[in-house]
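Sequence lines set the chain letters: A, B, ... in the order given, protein chains first and strands last, and positions in each chain run from 1. Everything quoted here is computed from the prediction, not taken from an experiment.
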Amino acid sequence: MSSSAGQPQFRYAHPPSKVLHLRNLPWECTHEELVELCKPFGKVVNTKCNVGANRNQAFVEFEDLNQAISMVSYYASSSEPAQIRGKTVYLQYSNRQEVVNNKSSGDVASNVLLVTFEGVEAGDVSIDVLHLVFSAFGFVHKIATFEKTAGFQALVQFSDADTAAAARTALDGRSIPRYLLPDHVGSCHLHISFSAHVDLTVKFQSHRSRDYTNPLLPVAASAIDCSSQFALGPDGKKKEPESNVLLASIENMQYEVTIDVLHAIFSAFGTVEKIAMFEKNAGLQALIQFSDVATAVTAKGALEGHCIYEGGFCKLHLAYSRHTDLIVKANNDRSRDYTNPNPGFYQSQPSVLGPQQLPGVQPSPSTDSNFSVSAQRIGSLPQQQSWERPSLPQGGPAPSAMYRPPYSHPEPMVSSGTVPPYQGFPSYSPGPLPADSIHSAFPGQRADTSYQYGQPPPPNPSFQPFGHQYQSTYVPGPGTLPPNGGSPAYM
DNA sequence: AGCACA
């Protein structure tokens, strides 16, 4: 008696229904397999597969109630359990009377993906990490996260079904790289299917939903309230206010860290708008400006504490800057404005691309093989140069207005210990460098090929989330693989 | 192994 008090919902049989609930199904059990199991008892008129957090449940609807009863009755007294692919399937009457929304397999292509996270709780996977992961396949329009019976889930909206399908194919069944997750999370497997949605309605930018197509969308109070946005971190320390500008301090500088190396590293997470480097306390620091806070948050989370070069050299420490928009007056080896539309501004400074790919010059497919942009990226962002922002939907604001907060940034706090003297100071000398500086920036390297390194060893490959799937100009030169063979750290 | 996408 006492043992039955806890879960009365499993103690009594459900009243009969022509819909049966099946569980303990094999992975990605198909509509056809369900029909094969059930058809000896009657006509199956509808199914719904891949139900539940593990997508291992299903519903089967018979044409007639008596057919469902005959199946349940048979297996209730059978010595052989119901099986699919040799796996025992448990079945019972569903508590609903009909299957809704059956698409015969649930695999109808859509531009919106339903993502189920296995092994994590809500909040373990930030919306910024999701944005990073899925942006590898194209422009992510919107993300909405929620909790259901299946656990923590997200809807991710792309421009079109092809892009969504590519993301699903690449990521379904895989895991989010460990370093993108909080320390206490062991792993996070992804289960991805197509959603029936075509356009998500996101009313606020918040910690659970984001609309990347609408920078004017109001920010939910829950997302800007200090008690939540700047809540305690995992270590119990108060988080600093987030910013689209990161302050990087580089420890153990055994090798030179150039502005191009920094640009390559941080560009893996999104468009880097500006970089300014400066000496501080006998060490090198840099301000890296992204177009939006979310990208900076993701980059900080992924890169904090990592070393640019194998062996613990050039270790990065990242903090949020108080700045939101750096003023870069010239492009040189210490400062760079990658958004400056003035072509002359670029003419005489090193680029991570070869000269044949400077603005206004079409890159030749036959000569850019070292320029590692995935085919998916090219397809979704046609003609995009590495320093341009992603293409925006028609009718949106001008790129220069995207992701900008509607307020002007505060004046530099000269008395602050974290603010460099970049604004209006002569350390960023005006005027372009002489044309031959393109060679001096890469000693021993040809400047007319894609990005290659000088003396320093190759960068730590763990900076490349999901390896080749990400757009990155961060290509180690040939023959410079690290001792570990360059295997990604997350594998 | 326990009911479907907010």
Side-chain angles (χ1 to χ4, degrees), chain A residues 4 6-31 34 37 44-62 68 72 75-76 81-118 121-123 125 127 130 142-158 164 168 172 190-211 220 222:
Chain A
S4 63
Q7 294 180 318
Q9 67 270 33
F10 300 142
R11 177 167 156 75
Y12 306 103
H14 292 285
S17 164
K18 62 183 179 182
V19 179
L20 299 184
H21 175 229
L22 287 72
R23 61 185 193 271
N24 202 37
L25 293 166
W27 169 247
E28 293 193 342
C29 178
T30 64
H31 166 86
L34 294 174
L37 174 69
V44 175
V45 297
N46 221 339
T47 66
K48 182 165 184 61
C49 314
N50 300 321
V51 169
N54 298 323
R55 292 158 49 99
N56 63 351
Q57 302 173 43
F59 296 94
V60 172
E61 180 178 341
F62 282 101
V72 170
Y75 284 112
Q83 289 186 325
I84 293 179
R85 292 185 226 161
K87 199 172 180 204
T88 296
V89 174
Y90 301 90
L91 55 95
Q92 63 192 148
Y93 299 117
S94 172
N95 53 24
R96 299 198 201 179
Q97 294 302 308
E98 60 184 14
V99 168
V100 296
N101 191 33
N102 173 67
K103 300 294 183 188
S104 87
S105 69
D107 279 344
V108 174
S110 161
N111 63 316
V112 180
L113 295 177
L114 171 65
V115 184
T116 302
F117 304 94
E118 182 185 303
E121 297 179 0
V125 182
I127 209 161
L130 289 180
K142 303 174 185 178
I143 297 178
T145 63
F146 53 92
E147 285 182 274
K148 286 274 296 178
T149 53
F152 184 45
Q153 296 184 298
L155 292 163
V156 179
Q157 178 175 338
F158 286 99
R168 183 191 184 209
D172 190 21
L190 301 174
H191 294 307
I192 303 177
S193 60
F194 292 113
S195 166
H197 291 274
V198 294
D199 188 24
L200 307 178
T201 301
V202 175
K203 292 179 177 166
F204 299 98
Q205 312 284 19
S206 77
H207 63 293
R208 17 185 341 148
S209 64
R210 220 57 78 77
D211 181 346
S222 65

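Nucleic acid contact for A/E98: base, since at least one base atom lies under 4.0 Å from a heavy atom of the residue. A/F152 comes within 4.0 angstrom of no nucleic acid atom, judged by non-hydrogen atoms across all strands. Among the atoms of the strands shown, base atoms are found under 4.0 Å from some heavy atom of A/N95. Residue-level contact check: A/R208 touches neither bases nor backbone, having no heavy atom under 4.0 Å from any strand.
Distance A/Q157 CD to B/dC5 C1': 14 Å, rounded to the nearest Å. The distance between atom NE2 of A/H14 and atom P of B/dA1, rounded to the nearest whole Å, is 17 Å. The distance between atom CG of A/L25 and atom P of B/dA1, rounded to the nearest whole Å, is 11 Å. With rounding to whole Å, A/R96 atom CZ is found 11 Å from B/dC3 atom P. Spacing between atom OH of A/Y93 and atom P of B/dA4 amounts to 20 Å, rounded to whole angstrom units. Atom CG in A/L114 sits about 10 Å away from atom C1' in B/dA6, given to the nearest Å. The distance between atom CD of A/E61 and atom C1' of B/dC3, rounded to the nearest whole Å, is 14 Å. The distance from atom NE2 of A/H197 to atom P of B/dA6 is 7 Å, rounded to the nearest whole Å.
Both A/L155 and A/S94 sit near DNA chain B, but only A/S94 has its closest nucleotide nearer the 5' end.
Every residue meeting the side-chain contact (heavy atoms from CB on, under 4.5 Å) condition with A/F204, not counting sequence neighbours, appears here in chain and number order: A/P218, A/A220. Take A/E28 and apply the salt bridge (charged side-chain N to carboxylate O under 4.0 Å, His left out) test, not counting sequence neighbours, and it matches A/R55.
Proximity note for A/L200 (side chain, C-beta onward) versus B/dC3, B/dA4, B/dA6: the nearest is B/dA6. With B/dC3, B/dC5, B/dA4 as the choices, the nucleotide that has an atom nearest any side-chain atom of A/V99 turns out to be B/dA4. Here the side chain of A/F146 is nearest to one of B/dA6, B/dA1, B/dA4, namely B/dA6. Here the nucleotide nearest the side chain of A/V100, chosen from B/dC5, B/dA1, B/dA4, is B/dA4. When each of B/dC5, B/dC3, B/dA6 is scored by its nearest atom to the side-chain atoms of A/A144, the top-ranked nucleotide is B/dA6.
Side chain of A/N24 to main chain of A/T88: a donor-acceptor pair is present (N/O by atom type, distance under 3.5 Å, no hydrogens or angles). Judged by distance alone, the side chain of A/S110 and the main-chain N or O of A/H197 form a donor-acceptor pair under 3.5 Å.
Proximity of A/R23 to the phosphate of B/dC3: no side-chain N or O atom is located under 4.0 Å from OP1 or OP2.
Annotation: A/E147, atom CD; neighbour count of heavy atoms from other residues, nucleotides and ligands within 6.0 Å is above 12.
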